[in-house]
S.K.: 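Sending over a structure as structure tokens; questions will come in a sec.
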Amino acid sequence: MRIPVDPLSVSFRHRVIPNDAWRSAAFALLALQLSIGILAQRPPTTGSTEPFDIVIVNGHVMDGTGSPWYSADIGIRAGHIAAIGNLESATRKQTIDARGKVVAPGFIDMLGQSELTMLVEPRVPSKIFQGITTEVTGEGNSAAPINAAMIAADRAGYEHLHIQPDWTTFREFFTRLERQGMGINLASYVGATSVRRMVLGDADVQPTPDQLARMQALVDHAMEDGAVGVSSALQYAPAPYAKTEELIALASEAAKYGGIYATHMRSEGDAEPAAIDEAVRIGREAHIPVEIWHLKAAGKSNWGHMPQIVAQIDAARAAGVDVSANTYAYTAWFNTFSAFIPPWAHDGGDDKLIERLKDPQTRARIRKDMLSTAGTWDNEWQEIPGPEAILIAVVQNPELMTLQGKRLSEVAALWKEDPIDALCDLLIKDNAFTEVAVFGMSEPDVVLALKQPWVSIDNDSQGTSPEGLLGQEHPHPRAYGTFPRILRKYVREEHALTLEDAIRKFTALPAQRMRFTDRGVLKQGMWADVVIFDPATIRDLATFEQPNQLSQGMEYVLVNGVPVIAAGKMTGALPGRVLRGPGYQPMLAASRAPSSPDPAGRGPASSQALERLK
């Protein structure tokens, strides 16, 4: 027979505890559990006897998620956010008073281009004065892998920056960055163009199955070295020679390591719908997330098309393809001047391009293609209102320095030439190195792209400085002003975005996309990438006429808990880290050479080969 048992009595080794005694014990246990629970909910670091390195007080905390600001102190210890709450009585080494200021996560630049200029000016002032604490780079051509043939072909660019490449793999490149020190964090894609050049060179050829397998192996190695995915820049030769199937094969390798496929699409103008379809197909068939860089509707004939572009991407997302985009929110883009020349003329690299530009008959064919409206390639000449829409920005030939900041129309008038001839002759004189700003977008399209919930922000410019070697260039003003300009123009003045949503686009949204699980929001345990600024006064100063001007308004910028800007001034600290992707294998031998021979069949570039190039 089952004997009823009072639920408030308990048997312990056949010994029954009376109900009253059990009740007393139960309540005591409950009190103990509640006490433990309350203690467990407190940040474990607040009770530490060790002082905080920094406590930020009196700020309006905007955590990056899009939520409204709230009041709290933020305690930082050992590079991390150790506590958020009332830390009035906590001991600390330094207090930062953020009264009247916004305290937010550090901004993440979704396409930064600083992989080489960071070796020239590791403090990257143009970035930190915008509040950028993390940059993602590697647009088609990445810093690695490289071999002797690529170094020789790209010699003008290395010489321009006074850099001697002493690496061949990402592992070696990342080691060099960390050894030197960095003002911000940096992550990189492996470029599909770089992988193609390692195996096929700069020629307009298709890979054999064996060559494609070697290209895939290079992607594998890069992912194991810490790349965050694979990228393409399909407007710039030799990238246009790659067919979609080649890109799917490379993206599929990155997908195995949890990577992302990022793309400067094959067209951002007349053929953009087809280019979006290609990016979506790559994402679907390679089973990989897709990030579209610097989304735009390029060219006067496409102004007003952004609603259709947005609808096309929304439809892909609704169908289950993980695709998103970013923007820098200016109406001028910035690229190599040689992109105005049709792809066929780039076959074999810049030296062959220069030969063709010098040959009258071939130059006539180039002119004909540029003037054609057939739409068989991404023809930038047909996308601009006229030569006045091209601003000469960066040259390598010292004799051409006076042209920086002039429009192509001015150069043509100065040289008493037709604008297309002036374009070709400038490329010849500058060995195809020239970079230009191109005014080819409409403001309503820019704003509509910016407002999309899946659009984050990219700077799309290398880190630079108003001083020294980099200060001699004439960059796009976005190099100095992208993030503060959005806060000034599109938040404060035009109300196209709320401050909360702008911060989300700068922080949590890109961190989510890049799988930076320990950055992008202000939360206990996260790395302490933090910015402090006054939303009423922050502003950009850089213009197309005078671009080398640092933005104003960042009171403090912390990278991994260390101030790189304090009280509005650069500290010179270099606390940045390389952010390696999910496929990173730390135990692999750092000396592993690329498995693919260079185009001349000499095998991987060795340290001896690099030494001979010095």
Side-chain angles (χ1 to χ4, degrees), residues 106-146 151 154 157-191 194 222 225-228 231 334 394 435 458-473 475-476 478-480 482-483 510 514 516 519 527 529 548 550-551 557-560 562-565 570-581:
F107 302 161
I108 298 173
D109 179 357
M110 288 292 275
L111 178 58
Q113 316 280 21
S114 300
E115 60 268 34
L116 294 184
T117 58
M118 196 176 283
L119 299 175
V120 179
E121 171 48 286
R123 299 174 300 173
V124 285
S126 65
K127 299 277 181 175
I128 61 175
F129 277 93
Q130 294 185 62
I132 295 169
T133 59
T134 295
E135 170 185 312
V136 186
T137 191
E139 186 187 9
N141 268 307
S142 50
I146 54 175
I151 293 171
D154 299 339
Y158 292 123
E159 289 181 346
H160 178 73
L161 294 174
H162 300 176
I163 290 173
Q164 172 56 53
D166 56 0
W167 67 88
T168 59
T169 67
F170 266 115
R171 195 168 296 261
E172 294 165 348
F173 175 69
F174 289 156
T175 297
R176 172 164 177 177
L177 279 178
E178 291 175 325
R179 182 173 63 244
Q180 172 180 295
M182 311 153 60
I184 61 175
N185 306 307
L186 182 134
S188 181
Y189 292 93
V190 57
S194 295
D225 283 352
V228 293
S231 69
F334 190 85
V394 181
E435 295 177 330
D458 73 280
N459 206 52
D460 198 14
S461 288
Q462 62 191 27
T464 187
S465 170
E467 302 172 346
L469 174 65
L470 300 177
Q472 299 174 23
E473 299 183 347
H476 193 301
R478 71 191 184 193
Y480 289 88
T482 299
F483 289 79
M514 298 309 304
F516 296 153
R519 299 177 193 272
W527 283 99
D529 295 341
N548 288 300
L550 297 168
S551 290
V557 176
L558 278 63
V559 177
N560 299 312
V562 178
V564 294
I565 292 178
M570 184 165 57
T571 68
L574 300 175
R577 295 169 174 258
V578 172
L579 306 185
R580 293 171 173 84

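Side chains are part of it too, since the values below use all heavy atoms of this structure and drop only hydrogens, waters and symmetry mates.
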S.K.: Rounded to the nearest 0.5 Å, how far apart are OG1 of Thr571 and CD1 of Ile128?
M.R.: 7.0 Å
S.K.: Salt bridge (Lys or Arg N to Asp or Glu O under 4.0 Å) with Asp458: which residues, sequence neighbours excluded?
M.R.: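 Residues passing salt bridge (Lys or Arg N to Asp or Glu O under 4.0 Å) with Asp458: none at all.
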S.K.: Suppose we screen for ring pair (Phe, Tyr, Trp, His ring centres under 6.0 Å). Which residues come up paired with Phe170, at least two apart in sequence or across chains?
M.R.: Phe174
S.K.: Under the side chain to side chain contact (heavy atoms under 4.5 Å, CB included) rule, collect the residues that match up with Glu115, sequence neighbours excluded.
M.R.: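 Once residues adjacent in sequence are excluded, the partners of Glu115 under the side chain to side chain contact (heavy atoms under 4.5 Å, CB included) criterion are Thr137, Ala143, Phe173.
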S.K.: Could you pull out all residues at least two apart from Thr482 that satisfy side chain to side chain donor-acceptor pair (under 3.5 Å)?
M.R.: Asn459
S.K.: Find the distance between CH2 (Trp167) and CD1 (Ile146) and round it off to the nearest 0.5 Å.
M.R.: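 Reported value, rounded in 0.5 Å steps: 5.5 Å.
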S.K.: Do Glu473 and His160 have side-chain N/O donor and acceptor atoms under 3.5 Å apart?
M.R.: yes
S.K.: Can you name the closest pair of heavy atoms from Phe516 and Ala187 and give their distance?
M.R.: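 For Phe516 and Ala187, the tightest heavy-atom pair comes out as CZ-CB, 3.9 Å.
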S.K.: Roughly how far, to the nearest 0.5 Å, is CD of Gln180 from CG of Leu574?
M.R.: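 The CG atom of Leu574 sits 8.0 Å away from the CD atom of Gln180.
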S.K.: Can you list everything that forms a side chain to side chain donor-acceptor pair (under 3.5 Å) with Ser551? Sequence neighbours excluded, please.
M.R.: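 Scan of Ser551 (side chain to side chain donor-acceptor pair (under 3.5 Å), adjacent residues dropped) gives none.
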S.K.: Excluding sequence neighbours, so at least two apart, what forms ring pair (Phe, Tyr, Trp, His ring centres under 6.0 Å) with Phe483?
M.R.: Phe107, Phe506
S.K.: Rounded to the nearest 0.5 Å, what separation is found between the OG atom of Ser194 and the OH atom of Tyr189?
M.R.: 14.5 Å
S.K.: Test of understanding: with side chain to side chain donor-acceptor pair (under 3.5 Å), list the residues that count as partners of Glu139, not counting sequence neighbours.
M.R.: Gln113, His264, His294
S.K.: Side-chain contact test, heavy atoms from C-beta onward, threshold under 4.5 Å: evaluate it for Leu119 versus Arg176 and give yes or no.
M.R.: yes
S.K.: To the nearest 0.5 angstrom, please state how far the CG atom of Asn548 sits from the OG atom of Ser126.
M.R.: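 If we round to the nearest 0.5 Å, Asn548:CG and Ser126:OG are 9.0 Å apart.
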S.K.: Given side chains that start at C-beta, do those of Pro145 and Thr169 come closer than 4.5 Å, heavy atoms only?
M.R.: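 Side chain of Pro145 against side chain of Thr169, heavy atoms only: no contact under 4.5 Å found.
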S.K.: Listed by chain and number, what are the side chain to side chain donor-acceptor pair (under 3.5 Å) partners of Glu135, not counting sequence neighbours?
M.R.: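 For Glu135, the residues satisfying side chain to side chain donor-acceptor pair (under 3.5 Å) (neighbours in sequence not counted) are Ser114, Lys127.
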S.K.: Could you tell me which non-hydrogen atom of Pro165 sits nearest to which non-hydrogen atom of Ile151, and how far apart they are?
M.R.: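 Minimum heavy-atom separation between Pro165 and Ile151: CG-CG2, 3.8 Å.
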S.K.: Checking Ser142 side chain against Gly191 main chain: does a donor-acceptor pair fall under 3.5 Å?
M.R.: yes
S.K.: Would a distance-only check, ignoring hydrogens and angles, find a side-chain to backbone donor-acceptor pair under 3.5 Å from Ser231 to Gly138?
M.R.: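 Yes.
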S.K.: With sequence neighbours left out, write down each residue that passes salt bridge (Lys or Arg N to Asp or Glu O under 4.0 Å) with Glu121, or none if nothing qualifies.
M.R.: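 Checked Glu121 against salt bridge (Lys or Arg N to Asp or Glu O under 4.0 Å); matches are Arg123.
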S.K.: Please examine the side chains of Leu116 and Tyr158, heavy atoms only from C-beta on, and report whether any two atoms are closer than 4.5 Å.
M.R.: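 Yes - at least one pair of side-chain heavy atoms lies under 4.5 Å apart.
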S.K.: Report yes or no: does Thr117 contribute a side-chain atom to a donor-acceptor pair with the main-chain N or O of Thr464 at less than 3.5 Å?
M.R.: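 Side chain of Thr117 to backbone of Thr464: no pair is present.
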S.K.: Closest heavy-atom contact between Arg478 and Gln130?
M.R.: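 Heavy atoms of Arg478 and Gln130 come nearest at O-NE2, 3.8 Å.
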S.K.: I'd like to check the side chain to side chain contact (heavy atoms under 4.5 Å, CB included) partners of Val562; sequence neighbours left out, ordered by chain and number.
M.R.: Ala573, Pro575
S.K.: Not counting sequence neighbours, which residues clear side chain to side chain contact (heavy atoms under 4.5 Å, CB included) with Glu178? List them please.
M.R.: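 Counting only residues at least two positions away or on another chain, Glu178 forms a side chain to side chain contact (heavy atoms under 4.5 Å, CB included) with Val578, Arg580.
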S.K.: Rounded to the nearest 0.5 Å, what separation is found between the CD1 atom of Ile132 and the CD1 atom of Ile108?
M.R.: 10.5 Å
S.K.: State, to 0.1 Å, how close Leu161 and Leu470 come at their nearest heavy-atom pair, and which atoms those are.
M.R.: CD2-CD2, 3.8 Å
S.K.: Does a side-chain heavy-atom distance below 4.5 Å link Asp109 with Asp460?
M.R.: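 Sidechains of Asp460 and Asp109: no contact.
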S.K.: Partners of Asn560 by side chain to side chain contact (heavy atoms under 4.5 Å, CB included), sequence neighbours excluded?
M.R.: Asn185, Arg519, Trp527, Asp529, Arg577
